[in-house]
K.L.:
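One structure coming up, written as structure tokens, with questions to follow.
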Amino acid sequence: MNSHAEKNEFTSDEMMTIAASRMLKSDDVCFVGIGAPSAACNVARLSHAPDITLIYESGTIGTAPDILPLSIGDGELCDTALTTVSVPEMFRYWLQGGRITIGFLGAAQIDKFGNINTTVIGDYHNPKTRMPGGGGAPEIASQAGQIYITMKQSLRSMVPKIDFFTSYGHGNGYDDRQKLGIKTTGPTVLITDLAIWKPHPETKEFIVTNLHAGVSKEDVQAHCGWEVTFSKQITTTPLPDATELNVLRELHKRTNAAHQRI
Amino acid sequence: MNSHAEKNEFTSDEMMTIAASRMLKSDDVCFVGIGAPSAACNVARLSHAPDITLIYESGTIGTAPDILPLSIGDGELCDTALTTVSVPEMFRYWLQGGRITIGFLGAAQIDKFGNINTTVIGDYHNPKTRMPGGGGAPEIASQAGQIYITMKQSLRSMVPKIDFFTSYGHGNGYDDRQKLGIKTTGPTVLITDLAIWKPHPETKEFIVTNLHAGVSKEDVQAHCGWEVTFSKQITTTPLPDATELNVLRELHKRTNAAHQRI
Amino acid sequence: MAQFVSLQDAVRDVMSDGLCVALEGFTHLIPHASAHEIIRQGFKNLTLVRMTPDIIYDQMIGMGCASKLIFSYAGNPGVGLLRRLRDAVENQWPVPLEIEEHSHAAMANAYEAGAAAMPCALFRGYLGAELKQVNPNIKMISCPFTGEALAAVPSIRPDVSFIHAQKADRKGNILIEGIIGIQKEAVLSAAKSVVTVEEIIDEFDTHPNAVILPHWTIDYIAEVPGAAHPSYAQGYYARDNSAYKEWDILSADRDLFLKWMAEHVMQQTPDVFAKRAQFTNPQSTGQGDSCDE
Amino acid sequence: MAQFVSLQDAVRDVMSDGLCVALEGFTHLIPHASAHEIIRQGFKNLTLVRMTPDIIYDQMIGMGCASKLIFSYAGNPGVGLLRRLRDAVENQWPVPLEIEEHSHAAMANAYEAGAAAMPCALFRGYLGAELKQVNPNIKMISCPFTGEALAAVPSIRPDVSFIHAQKADRKGNILIEGIIGIQKEAVLSAAKSVVTVEEIIDEFDTHPNAVILPHWTIDYIAEVPGAAHPSYAQGYYARDNSAYKEWDILSADRDLFLKWMAEHVMQQTPDVFAKRAQFTNPQSTGQGDSCDE
């Protein structure tokens, strides 16, 4: 499955980040989760979506960091932001206020309806593994216009039933979300290291619409804990082009240099 | 009754402002009403209480204007403030937050328990005179640590029964205020152009504790719509000293010059 | 996305009869030019929202633009009453005016809640205040943890908000400095927003925590120097306090008022504000002559 | 009124076992020196409040200071999990730790409500989120105007809040710039506050709307340069990202953790922070060596 990485000289991680970056447009106002989403958002900004507005929950609005922040509040984010507001204002006026078009999240555990668990493995009160918890995600998931999710596939991360509903996606599918009084669209795309998934218009189950180059349906199923549905018109994700790869690699190079101590 | 003005070379207005200014201390944090309260607060700051913190509802914290503002939001207030916050923050964090020691109010109509009307004369829905309304006062009255009131006496302004409870003082006296769930002390002093009044410790009725120089009990009663109670140990308000008069007059002189157009 | 247009075009595009409209600015940066443009274009039956109605709403009410007013302090600050507003409330002239009256704390909380897309605001207010007996939009609810009675008011969500600001940059971001009042909330709580600015500059060079409204929160930007006069714009011109005092006389009489409006509003354009404000720059306070040019 | 004291004296005066304590700073300006001083002075049974517990609470929990934690994101941002916190939650080591877990939106609203002296905060939150099934301090109430179900949480009112800021002036006013996070609310919601600052200067020369906490809202100010390290202070030194990555290893093992704490915290004083931070100034990012000096 990783053979395409050598063949085409890019890794599946790079493919994931670049495929995710392509989902974003210049007029998006994106609430950025740390890690994979942050890389995708900044690649978009540095390539095809130069005017995209990136917002981090630390309060930085319209930020344009030259390196990837390690946390959601590195100084780089403030230095390059249009303005920086308080955390209560960020959550009240900007997220709850409905000013965010895209919330871009990662996930430790996800189900086929885009519900996310980042809280516990096992029982909440007696956990096998205590994870960080929701942070901003529960309200990003219900208040941003749409949710994009990006994560690596594995049997541990893509499960039939998540242990805890940290952030609500499409519940058990269909109009579960509307029934709870949530007015936003919810997850509209999932970008993994193997494929691109979109919710079925009716059932809201994530189905594979694109396979990344060199990835088979069997690869996808082998790294997913539920029985995968594939679109009838499945296409191959366009390869990363030279610009995209260059932007991503230079970004990581600058980032690593800045985070290094001699 | 105005004879003392000529005799001692100050007006009853000046006496009122100076007597009011003396109530304030350097460690007070005072929410300043416009007009007479503003003059008193700034005379205090420019004389015996140089470190007093003056706050105007427009958002200016720790302001030290060189002239009296005409409105509660003149540029002078911001220019000389420690910092300027938004109006929602002012009312939530600073006033409701319990950070104000003194709320200094004026009044169009007041009763003997320090309840204030600045809303209507006559019926609310069919008013004889529509006045400006409460503005910040209803919550200043319930949320500032204590309330100081300053106003000129007249039969129209000091009435047995106010037409509308804009801002709550001591209700019908005794522990009416506590019964409503209000935790602050309420009005603790009333400074008029004729006298200084303080609430009776039990009944909470304003009683005259000081008469300004040259003012008789009959003068006070003649300019008050309810039957006035006088303290047994009534004293004469100390005369304005040269410094106080000078500070007040220079302040008014600078203010008039700044507000004048040629 | 912010469009740079003339104030005339912005008002024409965004306004229609019967809308709920807020023109905000707390003493500072009051959008006088926008109020005058709305009056000139003749919009009617508006619900006007503003903490301190001030001269601009006295003018709009006196010219018959409004059928309802939501407010918390209807005075000419430091001067006295608003005479056109009184005439409408007391004598239904020129048209009846319904009022919904709050305290400042309630309005500030209601704008804050509007900016946060909340249906209502919760605060510790109106204790002992009679307004809650006459305004059905003030309710008391219990804290679910302590049982304390707290005041609730509906959030403010205007159809259109108008503010004035010091600067826009070329991308359409807006910078407000000094007494910032309720302007950020007025814009963020509204479905549409129109901002007049003193000037348009290439790029802001300001503090990281300065009050900036991003271009994607603004619909229309019009460059109208002096647009706040006789209010003021910190860093540009001072408050024309004499004009506020003169308004007390000009507005006392219906005919005098109408004559003044005809001459100083109806026969003018937004361009006139630059001239009005130039006599009150902060370095030469005391030189303005707005009301009698 | 703000008193200028040593951090040791501030912590001694203000702290006692069993208090509810918040140390805030959202990635930026995290008060590491204060956390270390509390650990050194050996306070126990604390209820710790913090949106992002981060390294400082991992250290305080690992050293047995806390019996309860109120939080919304318990991770080492961008690195991984907090291993001492996990050990306390999963294995009760060194002492059992009760947790009260919220979302960021809830905590931010709860601090805001605390600063406003409200008993609770109201927001549109927790829709579909399972936390409201496991946390009894999340309740749903109805908007009295629209009937919409809204989330309510108790406000946060700590006994003591600790923050770090860039500057104090000689009167004891505090200036915070850059990512301001929740620090203003942390101070205003608390009964007492302790602020460490990078430096004390004569007078601020900053923007009219900069975030300043007046001296009468602060109880103790201690000048501790570098006190945020390995977090950062905008304008002084950069975030020591390597230290965050190294913490993941140092904290993985109980003995390694205790040895590191003995050497780098228990045997030190607040003075050590100046040296730790000097290698990470913004002009020379990449030179810090905090964890192995």
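Chain letters run A, B, ... following the sequence lines, proteins first, then strands; residues in each count from 1.
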K.L.:
Heavy-atom cut-off 4.5 Å, strictly under: side chain, backbone, both or neither for D:Leu82 against chain A?
P.N.:
neither
K.L.:
Mind ranking D:Ala110, D:Ala108, D:Ala105 by heavy-atom pairs under 4.5 Å with chain A and telling me who comes out on top?
P.N.:
D:Ala105
K.L.:
After noting the C-alpha distance and the side-chain angles of D:Ile179 and A:Tyr56, does the key distance pass the side chain to side chain contact (heavy atoms under 4.5 Å, CB included) rule?
P.N.:
CA-CA 11 Å; D:Ile179 291 179; A:Tyr56 288 71; over 6 Å; no
K.L.:
Rounded to the nearest 0.5 Å, what separation is found between the CD atom of D:Glu130 and the CD1 atom of A:Ile162?
P.N.:
7.5 Å
K.L.:
Just checking, any donor-acceptor pair under 3.5 angstrom between side chains of D:Glu101 and A:Tyr124?
P.N.:
yes
K.L.:
Ignoring hydrogens, what is the shortest heavy-atom contact between A:Lys128 and D:Arg86? Give both atom names and the distance.
P.N.:
O-NH2, 4.4 Å
K.L.:
For A:Lys152, look at atom NZ and say whether over 12 heavy atoms of other residues, nucleotides or ligands are found less than 6.0 Å away.
P.N.:
no
K.L.:
Could you grab the distance from atom NE2 of A:His125 to atom CD1 of D:Ile99, nearest 0.5 Å is fine?
P.N.:
8.5 Å
K.L.:
Heavy-atom distances under 4.5 Å only: say whether A:Ser167 touches chain D with side chain, backbone, both or neither.
P.N.:
neither
K.L.:
Give a yes or no on this: more than 12 heavy atoms of other residues, nucleotides or ligands lie within 6.0 Å of atom CZ of A:Arg254.
P.N.:
yes
K.L.:
Would you say A:Arg130 and D:Leu81 make side-chain contact, with heavy atoms under 4.5 Å?
P.N.:
no
K.L.:
Checking heavy atoms, do the side chain of A:Thr118, its backbone, both or neither come under 4.5 Å from chain D?
P.N.:
neither
K.L.:
Could you tell me which portion of D:Met107 (side chain, backbone, both or neither) has an atom closer than 4.5 angstrom to a non-hydrogen atom of chain A?
P.N.:
neither
K.L.:
Would you name the heavy atoms of A:Pro127 and D:Val89 that are closest together and state the gap between them?
P.N.:
CG-CG1, 4.0 Å
K.L.:
With a 4.5 Å cut-off on heavy-atom pairs, point out which of A:Leu180, A:Thr129, A:Asn117 contacts chain D the most.
P.N.:
A:Thr129
K.L.:
Just how far is it from atom CE of D:Met51 to atom CD of A:Glu57, taken to the nearest 0.5 Å?
P.N.:
7.0 Å
K.L.:
Using a cut-off of under 4.5 Å on heavy-atom pairs, state which of A:Gly135, A:Ala137, A:Gly133 scores highest against chain D.
P.N.:
A:Gly135
K.L.:
Taking side chain to side chain donor-acceptor pair (under 3.5 Å) as the definition, give me every residue that meets it alongside A:Gln146, ordered by chain and number, with sequence neighbours left out.
P.N.:
A:Thr188
K.L.:
Determine the option with the most heavy-atom pairs under 4.5 angstrom with chain D, choosing from A:Gly134, A:Ser58, A:Gly171.
P.N.:
A:Ser58
K.L.:
When you measure from the side chain of A:Gln143 to the backbone N and O of D:Arg124, does any donor-acceptor pair fall under 3.5 Å?
P.N.:
yes
K.L.:
Working to the nearest 0.5 angstrom, can you tell me the gap between D:Asn241 CG and A:Asn256 CG?
P.N.:
11.0 Å
K.L.:
Answer with side chain, backbone, both or neither: which region of A:Phe165 has an atom nearer than 4.5 Å to a non-hydrogen atom of chain D?
P.N.:
both
K.L.:
On a heavy-atom basis, which atom in A:Gly136 and which in D:His104 lie closest, and how many Å separate them?
P.N.:
N-CD2, 3.2 Å
K.L.:
Just to be sure I understand the criterion: a residue of residues 73-90 of chain A counts if one of its heavy atoms is under 4.5 Å from a heavy atom of chain D. Which ones qualify?
P.N.:
A:Gly73, A:Asp74, A:Gly75, A:Cys78, A:Asp79, A:Thr84, A:Val85, A:Ser86, A:Val87, A:Pro88
K.L.:
So what's closer than 4.5 Å to chain A heavy atoms on D:Tyr111: side chain, backbone, both or neither?
P.N.:
neither
